[in-house]
Amino acid sequence: QQCPDSWLKFTSPRSSCGKKSGARCDSLKITTSGASYQTVCGRFRGYQYRTPDGFNPAGTIETHYVDGVSVTYGTPGSRHHVYTYTVGHEETSSGVSCPCAGGNAPPNFVGSDYHCESGNPGPGDVSLLMYSSDVLWDRQQCGGGESTCCNP
């Protein structure tokens, strides 16, 4: 598996790619080389690390609005939302979990075009943990209050 140049490669406990330490946001630009398209297809495989906060109610499409993956098109300053994959702190109710488990609602521009899941069955401190046994956004192990956000 190769990672985009600006991302880090992790080998333990699972082989994965991630943003550099301290980076709030990191982008991966995929060009269409001028080809037109009507549908975007893809797959994200993620693992929860530490304490993600779900949606940031103060964020915009141009700023940090989610702990997770945002799929957009356009250029900076004129991005358009396609879909968001977000990560909540834990599967049970918490102010920083998935919206359906008591977390912040998604920004208006996201609407219902999102999927939220947590790798932490909770409750508990996750400050130093990577939850590698629960792949995110696969519609599996969707317990607690997150179940309706995890199976949209």
Side-chain angles (χ1 to χ4, degrees), residues 1-30 37-61 63-73 79-152:
Q1 163 184 328
Q2 291 200 349
C3 298
D5 291 339
S6 64
W7 294 12
L8 296 175
K9 179 169 175 84
F10 299 97
T11 56
S12 179
R14 298 268 185 176
S15 179
S16 58
C17 302
K19 65 183 182 175
K20 293 186 176 173
S21 180
R24 261 195 101 119
C25 298
D26 205 349
S27 295
L28 173 62
K29 181 179 180 181
I30 301 171
Y37 60 91
Q38 302 230 348
T39 304
V40 177
C41 298
R43 184 178 94 172
F44 295 100
R45 184 178 179 148
Y47 300 97
Q48 179 177 340
Y49 180 67
R50 298 184 84 172
T51 55
D53 298 331
F55 287 108
N56 172 7
T60 71
I61 198 166
T63 64
H64 173 215
Y65 77 89
V66 66
D67 276 351
V69 178
S70 173
V71 180
T72 63
Y73 69 93
R79 295 180 206 268
H80 302 276
H81 182 261
V82 176
Y83 205 82
T84 298
Y85 296 85
T86 187
V87 187
H89 178 79
E90 61 186 46
E91 293 175 359
T92 58
S93 294
S94 167
V96 291
S97 289
C98 295
C100 53
N104 293 320
N108 288 337
F109 65 86
V110 171
S112 61
D113 296 323
Y114 72 93
H115 182 124
C116 187
E117 187 174 350
S118 176
N120 174 11
D125 182 5
V126 296
S127 60
L128 299 175
L129 298 176
M130 179 173 179
Y131 286 89
S132 59
S133 64
D134 186 356
V135 177
L136 299 174
W137 314 310
D138 63 351
R139 295 185 166 99
Q140 304 295 313
Q141 294 176 276
C142 299
E146 77 172 3
S147 61
T148 56
C149 291
C150 184
N151 290 298

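Residues Arg139 and Glu117 share a closest heavy-atom pair of N-OE1, 4.0 Å. The minimum heavy-atom distance linking Pro107 with Phe55 is given by the pair CD-CD2, 3.7 Å. Of all non-hydrogen atoms in Asp67 and His64, the two that sit nearest each other are OD1-NE2, 3.1 Å. Smallest separation of non-hydrogen atoms from Cys116 and Pro99: SG-CD, 4.1 Å. Between Tyr114 and Pro106, the shortest heavy-atom distance links the atoms CE2-CG, 3.5 Å.
Remark: the backbone N or O of Val87 is not paired with any side-chain donor or acceptor of Ser118 at under 3.5 angstrom. Distance alone, capped at 3.5 Å, places no donor-acceptor pair between the Ser70 side chain and the Thr84 backbone. One N or O on the side chain of Gln48 and one on the backbone of Arg50 form a donor-acceptor pair closer than 3.5 Å.
Aromatic rings from Tyr85 and Tyr83 are positioned such that their centres are separated by under 6.0 Å.
Legend: residues meeting side-chain hydrogen bond (donor to acceptor under 3.5 Å, both in side chains) with Asp134, ordered by chain and number and at least two apart, are absent. Scanning for side chain to side chain contact (heavy atoms under 4.5 Å, CB included) contacts around Cys100 gives Cys98, Thr148, Cys149, with sequence neighbours left out. Residues passing the side chain to side chain contact (heavy atoms under 4.5 Å, CB included) test with Tyr73 are Tyr37, His80, Val82, sequence neighbours excluded.
For the atom pair Asn56 CG and Thr63 OG1, the distance stands at 7.0 Å (nearest 0.5 Å). Note that the OG1 atom of Thr86 and the CG atom of Leu136 stand 9.5 Å from one another [nearest 0.5 Å]. Here OG of Ser97 is found 6.5 Å from NE2 of His89. Values are rounded to the nearest 0.5 Å.
When side chains are defined from C-beta on, Tyr65 counts as touching His81, because their heavy atoms get closer than 4.5 Å. A 4.5 Å side-chain heavy-atom check between Val69 and Trp137 finds at least one atom pair inside the cut-off.
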